[in-house]
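In what follows, chains carry the letters A, B, and so on, assigned in the order in which the sequence lines appear, proteins first and then strands, with residues in each chain numbered from 1.
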There are 2 protein chains.
Amino acid sequence: MLRLSRLTDYGTVIMAHMAREPGHVYSAAELAGAVGVALPTASKILKTLARKALLHSLRGAHGGYLLARPPREISIAQVIDALEGPFGVTECSVAAGLCPQENACALRRHWQRIDRALRQTLDGLTLEDMTQPVPAGMPERRRAQHDRRHRSDGHG
Amino acid sequence: MLRLSRLTDYGTVIMAHMAREPGHVYSAAELAGAVGVALPTASKILKTLARKALLHSLRGAHGGYLLARPPREISIAQVIDALEGPFGVTECSVAAGLCPQENACALRRHWQRIDRALRQTLDGLTLEDMTQPVPAGMPERRRAQHDRRHRSDGHG
DNA sequence: TTTATATAGAATCAATTTAGTCCTATATGT
DNA sequence: ACATATAGGACTAAATTGATTCTATATAAA
């Protein structure tokens with residue numbers, strides 16, 4: 001796995017949808033319909049994204065949500081942060097706890113390094129990228145996507 | 001988040017512990033003690049790792065487990081695969097489903113790309129690396145760990 | 001050959017987490 | 001005023017995960 005929660009998944013879909021027309025104000029109902037989730041669910045996500053300052057919200061009649069910044073200034077990592085809390089692959093990498101052995105504590109450092117590397121990848125991809133069709137090449141923004149050979153044998 | 005399950009976390013700790021003495025045969029009880037988890041839990045993890053061919057198991061008295069390959073030939077990605085099933089950040093990236101809009105299907109491609117990038121990172125790190133102390137520099141094996149600046153503003 | 005020690009594998013139970021919904025309050029345009 | 005929309009919190013139900021237990025099997029040693 002290494003899964004994102006479903007809500008976060010929806011969140012990225014919603015954000016990507018909004019990124020296609022950055023100035024437009026979308027109501028929760030509109031987005032719920034466009035993305036195919038129930039209104040309360042979309043609402044919940046939108047509220048969170050607004051609270052975390054990735055969206056601006058407008059209350060009252062004709063209100064709704066719009067992106068707080070241009071799509072190219074909102075990264076996937078930021079969306080994940082907003083919807084899933086502090087970034088970290090393992091519990092241990094955020095807060096030490098178990099593992100009485102020195103061995104484990106050594107691991108902690110490694111996990112933190114891994115977190116940084118993964119985060120870097122997700123931070124290098126913006127909403128703008130997500131609206132672009134994947135050109136089978138590399139829509140990487142400014143980071144080279146180097147060779148793909150790796151040492152694993154049986155895993156795709 | 002983007003969390004690994006706790007069992008997977010334990011699994012990596014166990015594997016890293018075993019990697020310090022690659023030839024040695026460890027009983028489940030021994031490992032449970034060393035790593036600080038209950039015996040049944042360690043057992044469960046070890047059985048899975050053995051079934052997925054990352055460990056060899058020896059039954060009977062004086063039995064136990066040992067690494068199936070040298071530590072530098074077992075990547076973190078492989079351990080995660082074994083304990084968490086098919087690699088993928090989103091449900092959508094493994095099996096399409098929701099998202100009636102064309103927008104969403106475009107996203108799918110992007111998620112798959114993201115999966116590949118993350119996997120590459122985790123595949124570049126082996127058990128051998130995990131046993132090494134983190135030298136504050138870069139224990140990367142053959143992949144350069146480039147600059148750390150990224151575009152996000154408020155997130156650590 | 002019997003006994004003690006270990007793993008294999010399936011099934012089960014409890015706890016936690018997550019998804020989804022609902023309710024009340026507040027803001028704004030007509 | 002009234003209709004429309006978001007804010008925020010509380011609540012419920014479902015799914016996932018963690019942890020344990022049970023039976024079967026294999027092996028070393030007495």
Side-chain angles (χ1 to χ4, degrees), chain A residues 1-11 13-14 18 24-33 35-68 80 82-86 90-92 97-98, chain B residues 1-11 13-14 18 24-33 35-68 80 82-86 88 90-92 94 97-98:
Chain A
M1 293 217 254
L2 193 87
R3 278 288 147 82
L4 252 27
S5 84
R6 204 135 90 202
L7 260 353
T8 304
D9 193 352
Y10 296 162
V13 176
I14 288 174
M18 296 176 79
H24 192 271
V25 175
Y26 298 88
S27 72
E30 190 180 352
L31 289 167
V35 156
V37 302
L39 172 56
T41 301
S43 254
K44 188 181 192 176
I45 295 166
L46 290 163
K47 287 178 209 172
T48 302
L49 290 170
R51 211 176 318 130
K52 295 300 177 61
L54 294 185
L55 296 178
H56 286 152
S57 67
L58 300 174
R59 298 173 71 160
H62 299 151
Y65 300 89
L66 74 165
L67 295 183
I80 294 176
L83 293 171
E84 309 233 359
T90 61
E91 217 169 339
C92 194
L98 70 150
Chain B
M1 291 217 254
L2 194 88
R3 279 288 149 81
L4 252 27
S5 83
R6 203 133 92 202
L7 258 354
T8 304
D9 192 353
Y10 296 161
V13 176
I14 289 173
M18 296 177 80
H24 192 272
V25 174
Y26 299 87
S27 72
E30 191 180 352
L31 289 168
V35 156
V37 302
L39 172 56
T41 301
S43 253
K44 188 182 191 174
I45 294 167
L46 289 163
K47 288 177 207 172
T48 302
L49 290 169
R51 210 175 320 129
K52 295 300 176 60
L54 294 185
L55 297 177
H56 287 151
S57 67
L58 301 172
R59 298 173 71 159
H62 297 151
Y65 299 88
L66 73 164
L67 295 182
I80 294 176
L83 293 170
E84 308 234 359
T90 60
E91 217 170 336
C92 194
V94 175
L98 72 150

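The side chain of A:Tyr65 lies closest to D:dT6, out of C:dA19, D:dT20, D:dT6. With distances taken from any side-chain atom of B:Ala50 to the nucleotides D:dA5, D:dT20, C:dA8, the minimum falls on C:dA8. Nearest to the side chain of B:Ser27, among D:dA19, C:dA6, C:dA10, sits C:dA6. If you check D:dA7, C:dG9, D:dG18 against the side chain of B:Lys44, the one that comes closest is D:dG18.
A:Leu4 has its CG atom 11 Å from the P atom of C:dT18, to the nearest Å. Rounded to whole Å, the distance from CG on B:Leu83 to P on D:dT16 is 18 Å. Counting to the nearest Å, the P atom of D:dG18 and the CG atom of B:Leu46 are 16 Å from each other. Nucleotide C:dT17 holds its C1' atom 13 Å from the CZ atom of A:Arg6, rounded to whole Å. Rounding to whole angstrom units, CG of residue B:Leu39 and C1' of D:dT21 are separated by 12 Å. To the nearest angstrom, P of C:dT16 lies 16 Å from CG of B:Leu7. Here C:dT26 presents its C1' atom at 15 Å from CZ of A:Arg51, a figure rounded to the nearest Å. If you take CZ of B:Arg3 and P of C:dT16, they are 16 Å apart, rounded to a whole angstrom.
Contact check of residues 56-64 of chain A against DNA chain C (heavy atom, cut-off under 4.0 Å) returns A:Arg59, A:Gly60, A:Ala61, A:His62.
Annotation for B:Gly11 and B:Ile45: closest pair CA-CG2, 3.8 Å, computed over non-hydrogen atoms.
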Contacts table for residues 25-32 of chain A: side-chain donor-acceptor under 3.5 angstrom, sequence neighbours left out:
{"residue": "A:Ser27", "atom": "OG", "partner": "A:Glu30", "partner atom": "N", "Å": "3.0"}
{"residue": "A:Glu30", "atom": "OE1", "partner": "A:Ser27", "partner atom": "N", "Å": "3.2"}

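Between atom CG of residue B:Leu67 and atom CG of residue B:Leu55 there is a gap of 6.0 Å, rounded to the nearest 0.5 Å. Atoms CG and NE2, from A:Leu66 and A:His24 in turn, are 10.0 Å apart once rounded to the nearest 0.5 Å. With rounding to the nearest 0.5 angstrom, the OG atom of B:Ser57 is 10.5 Å from the CZ atom of B:Arg51. Of the inter-residue distances, the one linking B:Met18 atom CE with B:Leu46 atom CG reads 6.5 Å to the nearest 0.5 angstrom.
Of the two residues contacting DNA chain C, namely A:Thr8 and B:Lys47, the nearest-nucleotide position lying further toward the 5' end is that of B:Lys47. Place A:Tyr26 and B:Pro40 on DNA chain D by their nearest nucleotides, and A:Tyr26 ends up nearer the 5' end.
Looking at A:Thr48, A:Thr41, A:Leu83 one by one, the single match for side-chain contact (heavy atoms from CB on, under 4.5 Å) with A:Leu7 turns out to be A:Thr41.
For the pair B:Ser5 and D:dG18, the criterion of a side-chain N or O lying under 4.0 Å from OP1 or OP2 is met. The phosphate of D:dG18 (OP1 or OP2) has no side-chain N or O of B:Tyr10 nearer than 4.0 angstrom.
Within 4.0 Å of B:Ala29, counting heavy atoms only, lies no atom of the nucleic acid at all.
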